[in-house]
4 protein chains.
Amino acid sequence: MTSSSSERVHRVVVDKRQVILDAATRVFAGKGYHGSRVSDIALEAGIAYGLVYHYFKNKEEILNSIFDAQWAVFLETVQEIALSPEVTERKLLAIAELILKAHRVRSDWVKVLVFEIQRSQRFAEPDRLRAVSELFKLVGQIVREGQELRVLRDDIDPDLACAVFMGGLDIMVTNSVLPETVKPSASSDEGLRYQEVAQAVVEIFLGGMSSGEASCR
Amino acid sequence: MTSSSSERVHRVVVDKRQVILDAATRVFAGKGYHGSRVSDIALEAGIAYGLVYHYFKNKEEILNSIFDAQWAVFLETVQEIALSPEVTERKLLAIAELILKAHRVRSDWVKVLVFEIQRSQRFAEPDRLRAVSELFKLVGQIVREGQELRVLRDDIDPDLACAVFMGGLDIMVTNSVLPETVKPSASSDEGLRYQEVAQAVVEIFLGGMSSGEASCR
Amino acid sequence: MTSSSSERVHRVVVDKRQVILDAATRVFAGKGYHGSRVSDIALEAGIAYGLVYHYFKNKEEILNSIFDAQWAVFLETVQEIALSPEVTERKLLAIAELILKAHRVRSDWVKVLVFEIQRSQRFAEPDRLRAVSELFKLVGQIVREGQELRVLRDDIDPDLACAVFMGGLDIMVTNSVLPETVKPSASSDEGLRYQEVAQAVVEIFLGGMSSGEASCR
Amino acid sequence: MTSSSSERVHRVVVDKRQVILDAATRVFAGKGYHGSRVSDIALEAGIAYGLVYHYFKNKEEILNSIFDAQWAVFLETVQEIALSPEVTERKLLAIAELILKAHRVRSDWVKVLVFEIQRSQRFAEPDRLRAVSELFKLVGQIVREGQELRVLRDDIDPDLACAVFMGGLDIMVTNSVLPETVKPSASSDEGLRYQEVAQAVVEIFLGGMSSGEASCR
DNA sequence: AATGAATGAGTGTTCATTCAT
DNA sequence: TATGAATGAACACTCATTCAT
């Protein structure tokens with residue numbers, strides 16, 4: 001087969017746009033959006049300064065692109081989980097694992113997503129707001145479904161419960177003062193594996209922290 | 001008491017430093033640290049902007065001062081709660097109410113604290129890190145105590161549980177996609193009162209969301 | 001005639017150089033030299049912008065080429081007029097009509113010529129200077145000739161008179177605050193025909209604006 | 001009298017805004033608006049770079065200010081002439097002298113005015129357009145008045161005549177290919193004095209270039 | 001001839017900080 | 001204390017020009 005050197009060349013000449021996006025993700029994650037200069041991104045990407053502007057209108061658009069590129073995929077996965085025929089508990093566990101795994105595998109991206117976009121002025125933009133509320137809607141749906149199935153108590157507002165659940169996960173990703181022993185990590189060498197953390201978060205959310213003795217309503 | 005007229009004058013001429021701090025808090029809350037110019041702060045404070053530098057070394061120090069000025073008080077309150085002779089549940093409720101009330105009453109300050117300090121590069125500074133970890137230590141202590149008292153299950157890492165609890169609260173303050181009905185607010189006119197939210201968060205944390213039927217371990 | 005097919009092809013594939021020149025003329029006329037990007041020109045010409053540099057050394061050269069390409073033809077026509085056996089009055093009229101007609105027919109070119117070349121730093125270049133002074137020399141010659149023939153008064157410097165004449169025409173082309181009724185235009189629907197304007201300019205130049213009554217020297 | 005050193009000091013500390021404006025006028029006149037960097041202006045003004053932006057929003061505003069600052073004065077003088085009880089001829093002469101004198105005395109300003117503002121994209125702005133048309137309106141009025149007084153022939157559109165007159169003056173200021181002998185200059189050492197040029201322009205405009213012999217209509 | 005990706009010098013503008021008064 | 005003029009480093013963005021294909 002003459003799958004040709006030309007083809008291989010094209011395989012080697014990776015998509016510059018993506019190269020820039022990856023570099024920017026790393027740079028933003030490291031120094032924050034405001035702390036990052038466009039020249040830092042170019043340097044990290046190993047390209048000429050001006051080329052960045054060949055692919056992106058401006059610095060802001062790079063950030064937005066980072067968000068857009070991955071959020072859709074992420075959200076789709078969440079939707080699959082929400083619509084799957086699994087039990088509520090398994091769905092929540094899947095969500096938890098998805099989020100914590102993302103943090104492990106693409107921690108740069110998550111950092112940028114959470115710190116530079118979700119927690120910034122930028123977040124006020126309707127587009128972003130809608131995107132994130134989409135996530136909460138899907139998880140909220142899982143909770144509501146659980147309540148309808150009588151698996152979850154229904155004396156608590158489902159949106160509020162959803163928020164608490166997400167907050168528990170969010171902080172695992174966000175918080176830098178968590179003791180190492182509790183940080184979700186790839187190997188159990190350093191702290192818990194992300195599955196264990198996910199498991200724990202779901203367990204607290206569903207079963208509560210009360211010891212069995214007294215508080216079983 | 002000999003509180004001289006000169007002293008009284010000083011009492012009338014409100015503390016400029018504080019005026020600046022308050023103005024800065026409002027400005028930072030509104031436009032973010034990076035989006036705020038020193039001149040914006042001066043304008044908001046109603047003073048010449050050169051004067052800012054009589055009271056603060058630089059912009060950064062203003063932000064730090066905002067943090068320092070209030071965090072100590074906040075932490076002290078948390079400590080009082082932690083050391084009080086109350087039951088674990090009441091302690092957690094008190095913490096939850098404290099945080100959510102702060103958000104109601106001084107939402108600007110909380111915004112700055114959370115968005116501009118805790119979620120920024122700045123947070124990497126050991127001083128801030130230590131300050132915040134202090135909070136987690138105190139709450140973690142409450143959890144540990146609960147476990148020792150056999151009120152809380154001890155098959156879950158106390159730090160992890162603590163984080164989940166704090167995350168549930170944190171998101172109430174942070175998240176802008178929460179439906180209005182769930183946002184903790186001052187009056188019950190719009191959404192729940194902050195006490196109700198606090199109550200709910202604690203209840204989920206302790207009792208879990210599972211309906212009584214099956215999952216009472 | 002052996003106009004080969006290859007030649008015909010070349011005839012169909014219009015001269016790219018000229019296409020670029022025409023596009024540039026339109027673009028420069030619309031946005032000014034500094035306001036026009038090379039990519040704008042390429043876009044207007046419908047070609048890739050790298051190609052512009054196959055035909056021209058740089059942006060500047062495009063402007064110069066626009067000038068060079070047409071100025072020679074223009075100047076030649078002026079020369080023909082100057083050397084023709086006509087009376088001074090008819091010569092001046094012919095010049096006036098030539099200029100105003102050019103403005104009507106190729107207003108883009110005239111705009112570029114006048115605004116971007118004659119009235120710009122670029123004009124300082126000896127080449128351009130010489131080219132334009134050529135025009136003035138020719139018209140000045142007509143005036144001088146008129147004076148020698150005793151058709152024109154000779155108590156006024158011929159160069160100065162020439163300048164006044166040219167200024168009167170120049171402003172018709174240049175001035176954007178002229179009332180519509182006076183602007184030289186193609187049809188008499190809107191304002192005067194360019195011939196009428198030419199006629200009027202010449203008449204003022206020769207006969208003066210004074211009413212016959214008193215001032216006939 | 002205690003007209004005080006403080007007062008004198010204020011007299012010495014000249015208006016920085018004006019210093020910048022003057023410097024900018026010189027720089028713009030020399031290198032053109034586009035060829036001038038803000039740093040050039042600062043350098044020429046002998047001030048720090050950033051200070052320019054303390055007094056002007058941006059480079060563009062500097063140019064506009066140059067125009068605004070002097071145009072009003074200029075226009076007022078023209079108006080005085082137009083409204084004076086003088087004969088038409090003297091009014092036109094006064095206008096001619098005003099313009100040519102301005103060119104002599106403040107040639108930088110005139111250069112900037114004519115080259116960078118009147119003959120640029122910028123000129124399209126309604127404000128500038130209106131300002132210049134004001135000038136033409138006033139001169140046009142003089143012509144109209146002359147026609148009503150039967151001093152000027154009325155078989156020619158007054159606006160057109162006005163334009164021709166102004167064009168004759170304009171070119172004296174604009175044209176760089178005029179022989180030195182004709183350029184209006186301060187002393188008669190080099191070319192004509194500006195009064196002589198003004199005189200000549202008016203004479204041509206009123207009396208025409210035709211020799212008395214034949215063409216006295 | 002043709003394309004458009006790649007380069008990087010150039011420059012307008014912002015704004016924290018200092019300073020003279 | 002108070003003012004706001006003065007400073008200048010920093011940086012985003014533009015765009016003419018070159019180059020690999």
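Every chain is numbered from 1, with letters handed out A, B, ... down the list of sequences. Keep in mind it's a predicted model, so treat the numbers as computed, not measured. Reckoned from all heavy atoms, side chains included, excluding hydrogens, waters and symmetry mates.
A cation-pi contact, defined as under 6.0 Å to the ring centre and within 45° of the axis, links B:K59 to B:Y33.
In this structure the side chain of B:K16 never reaches within 4.5 angstrom of the side chain of B:H54, judged on heavy atoms. Side-chain atoms of C:Q18 and C:D22, non-hydrogen and from C-beta on, do get closer than 4.5 Å to each other.
Across all their heavy atoms, D:R128 and D:F67 have their closest contact at NH1-CD2, 2.8 Å.
Two residues, A:Y55 and B:K59, neighbour DNA chain E, and the one matched to the more 5' nucleotide by heavy-atom proximity is A:Y55. Heavy-atom nearest nucleotides on DNA chain F were determined for A:S39 and for A:G50, and the one closer to the 5' end corresponds to A:S39.
Close to F:dT14, at under 4.0 Å from its OP1 or OP2, lies no side-chain N or O of A:Y53. Residue B:K16 places none of its side-chain N or O atoms closer than 4.0 Å to OP1 or OP2 of F:dT1. Side-chain nitrogen and oxygen atoms of A:H54 include at least one within less than 4.0 Å of the OP1 or OP2 phosphate oxygen of E:dA5.
At whole-Å resolution of the value, CZ in C:R17 and P in E:dA2 are 14 Å apart. Atom NZ in D:K57 sits roughly 9 Å away from atom P in E:dT14 (whole-Å rounding). Rounded to whole angstrom, the span from the CZ atom of A:F56 across to the P atom of E:dA5 amounts to 13 Å. When the P atom of F:dC11 is taken as reference, atom OH of A:Y33 falls 13 Å away, rounded to whole Å. One interatomic measurement links the two molecules: CD1 of D:I62 to P of E:dT13, which rounds to 9 Å at whole-angstrom precision. Here E:dT14 presents its P atom at 11 Å from CD of D:E61, a figure rounded to the nearest Å. For C:I47 and E:dT3, the CD1 to P distance is 7 Å, given to the nearest whole Å. The separation between D:N58 atom CG and E:dT11 atom C1' is 13 Å, rounded to whole Å.
The listed nucleotides are F:dT3, F:dA5, E:dG12; the one nearest the side chain of D:L51 is F:dA5. Proximity note for B:V38 (side chain, C-beta onward) versus F:dT17, F:dA12, E:dA16: the nearest is E:dA16.
At least one donor-acceptor pair under 3.5 Å links the side chain of B:E61 to the backbone N or O of B:K57.
Using N1 to N3 plus N6-O4 or O6-N4 for Watson-Crick, or N1-O2 and O6-N3 for G-U wobble, each under 3.5 Å, F:dA20 pairs with E:dT3. With a cut-off of 3.5 Å on both pairing distances, the Watson-Crick or G-U wobble partner of F:dA10 is E:dT13.
You'll find a donor-acceptor pair under 3.5 Å spanning the side chain of D:Y49 and the base of E:dG12, going by distance alone.
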